[in-house]
Amino acid sequence: MADSRGDSSSTGSYRSGGSRRTNGDMRDYSGMDPRYHKEAKYSDPPNSRLFIVCGKSITEDDFREAFSKYGTVSEVWVVKDRATGEPKGVTYIKFNKTSEAALAMEEMNGRCIGNHPRPLKVLIAHSREQGSRREQNEEERLLRLFVVVPRAMTESELREHFITFGDIDYVSIVKDRTTKESKGFGYVKYHRMSHAAKAYENCDRSFKPMFADPKPVRDMRNDGMMLSGPGSSVSSSGFDMAAYTPPSGKMGSLPPMEGAPPAEACTRLAVVASPTLNQDQLWKLFDLVPGLDFIDLRRDRKSGQGIASVQFSNIQSAAYAKEKLHGFEYPPGHRLIVKFDPSHDMMMGPHSLMPPPPNMMPRMPMMPPPAPGGVGNGAAAAMSPGGAGPRPSGSLQTDLAHLAETIAQATSLIQAAGINPHAASGGGGGGGADGGGGPPAGPGPAVPGGVVMPEHYDPTYCSARLPAPQPLAALDSTVAERLFIVCHPAPPPPYTLKDVFGRFGNLIDIYILSGKTCGYAKYACKESAEKAIQTLHGQELCGARLKVMPAEPQDKVDTGRKRIKIDDQQF
DNA sequence: CGACGGGACGC
DNA sequence: CGACGGGACGC
């Protein structure tokens, strides 16, 4: 299922060479086996082709005119029936860049073009092989990036870099269950595909971003209802469209699909949902009713509640969905509110900002307030392994995750400093307060009310006198000095190294080569590096004897590519 | 002696 | 409901 990674070459340098291919560009296929041209070009770059369900009368020129404002359209293909030549109401549009396709989808989905009445349904095209099959969490594939992160990098730092491309749903770094050390990769999830695409194309290449495979869905206790849950196939779930007649006989008499276009206001619903529901879950629910065209979920800033706009292709479906789902408890304890969307008018696309009109902001009597008060409790819950449930999304959870990480950082700084948090709860190494100071680790094997030191932690800590903790340098800082570090017999844990080497200021990154006893520290300032050498060379840290010296320059930048690349054609 | 990292989400 | 064609000498 791999999304094609365009380029697997890596220099380990943060500044990628000017002539190297980036995620935004396309490959040259001229030398490639023709049999693979087609497959390859559709996914290059990944998710850059649109699948559009549309009225049958729209022409290629109509599409070009409507879509070329979002980027470079390399192909428009209006699908026609092989035998009859009749348009099938399906069109593919290929863009040169993923972000162009993303923007076009966000802007054009639900819109009409020309004077063709039927609104377009615009989706990112699947691979030919996947076809129309839907996947369990597939919207994640468009919103979430898989990234490689330096082991010393914290979630705050990761967020800091990726916030420049758009609003972040969450970031997470995967950590070892027991040691809580970073495993060197993580995820960044956005709310909008165009933001994820921008990050995919423009983030620092050392992150090696990929659109993440959707996470297998956690079971979402959906008992108490006949819903077989997201992923269950449509229509077989107790909804019986055929047996349903909408309240208004007039509406019901309209032809379902292709006849006169439905007034959009009658095919669009406004939904208020629990803050815990994400767009995917909402989609799965409403998709139980055939005829769902799209859902646009937004969140009310104050209440955190989901405000969704749900578009159906016909009045019957919309009316049926409203009737069956209004008041439905989903998830249990949270009633959905489903109405026809009175605020909708033709000028307003699904993605134009749609502040919920006051009359639609219901007070939900059944809904508990979004647990504000207990900040500390919330953070603890977020850190505790028991905090299951769906992935956090939305500002509240994001804030909690943020807070949890800050606390985890402070805790491990205290650990690294060898201070008993009970004895010196105020004095700890709060130096990481700017978000840069902390190791990625959580509090290690922790029990409520006390911190248990990791097994391999040597309480003698460090033989040298250490300065106070310092903030780290920005990840994209220019490297002023690189140090080579050797640890005998074994290296201290990463969070200790980061804390100790960070105390001389301006530390960008430090890592131990995997399976080895040596590694590198990068400083943004030469003086800091020199102080580190003076203070730490020959000293002992966690029972390891340290050698700390300037690193030999990285000679022979072998990118790992033997292939002759023809990017030297200057003229 | 010791030289250039890390890749799929909780067992 | 709504998922895959036609054309092609370019490098």
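Naming: A, B, ... by sequence-line order, numbering from 1 per chain.
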Can you tell me if [X] touches the phosphate of [N], counting only side-chain N or O atoms and a distance under 4.0 Å to OP1 or OP2?
{"X": "A/S514", "N": "B/dG6", "value": "yes"}
{"X": "A/K522", "N": "B/dC4", "value": "no"}
{"X": "A/R82", "N": "C/dC4", "value": "no"}
{"X": "A/H488", "N": "B/dG2", "value": "yes"}

Sidechain N-carboxylate O distance under 4.0 Å for [X], [Y]:
{"X": "A/E135", "Y": "A/R141", "value": "yes"}
{"X": "A/E138", "Y": "A/R133", "value": "no"}
{"X": "A/E155", "Y": "A/R159", "value": "no"}
{"X": "A/E157", "Y": "A/R151", "value": "no"}
{"X": "A/D176", "Y": "A/K183", "value": "no"}

Tell me whether [X] and [N] count as stacked here, given that the ring centres must be under 5.5 Å apart and the planes must differ by less than 30 degrees.
{"X": "A/Y511", "N": "B/dG6", "answer": "no"}
{"X": "A/F484", "N": "B/dA3", "answer": "yes"}
{"X": "A/Y92", "N": "C/dC4", "answer": "yes"}
{"X": "A/F185", "N": "B/dG6", "answer": "no"}

Mark yes or no for a side-chain to base donor-acceptor pair under 3.5 Å between [X] and [N], with no hydrogen or angle criteria applied.
{"X": "A/E75", "N": "C/dG7", "value": "no"}
{"X": "A/R144", "N": "B/dC9", "value": "yes"}
{"X": "A/D509", "N": "B/dG5", "value": "yes"}
{"X": "A/R177", "N": "B/dC11", "value": "no"}
{"X": "A/K183", "N": "B/dC9", "value": "no"}

Regarding [X], tell me which of base, sugar-phosphate or nothing describes its non-hydrogen contacts under 4.0 Å with the strands shown.
{"X": "A/V148", "answer": "base"}
{"X": "A/V147", "answer": "nothing"}
{"X": "A/K88", "answer": "sugar-phosphate"}
{"X": "A/L292", "answer": "base"}
{"X": "A/R49", "answer": "base"}
{"X": "A/P553", "answer": "base"}
{"X": "A/Y187", "answer": "base"}
{"X": "A/G131", "answer": "base"}
{"X": "A/T91", "answer": "nothing"}

Of the nucleotides [options], which has the atom closest to the [X] side chain?
{"X": "A/R482", "options": "B/dC4, B/dG7, C/dA3", "answer": "B/dC4"}
{"X": "A/Y42", "options": "C/dA3, B/dC4, C/dG5", "answer": "C/dG5"}
{"X": "A/K208", "options": "B/dC4, B/dG2, B/dG7", "answer": "B/dG7"}
{"X": "A/L513", "options": "B/dG6, B/dC9, B/dC4", "answer": "B/dC4"}

ring-ring contact (aromatic ring centres under 6.0 Å, His included): pairs with one or both residues in residues 472-491 of chain A, sequence neighbours excluded = A/F484-A/Y520
Closest approach of A/I533 to A/P550 (non-hydrogen atoms, all atoms of both residues) =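 For A/I533 and A/P550, the tightest heavy-atom pair comes out as CD1-CD, 3.6 Å.
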request  = Sticking with atom C1', work out how far B/dA3 lies from B/dG7, rounded to a whole angstrom.
outcome  =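 It comes out at 23 Å once rounded to the nearest Å.
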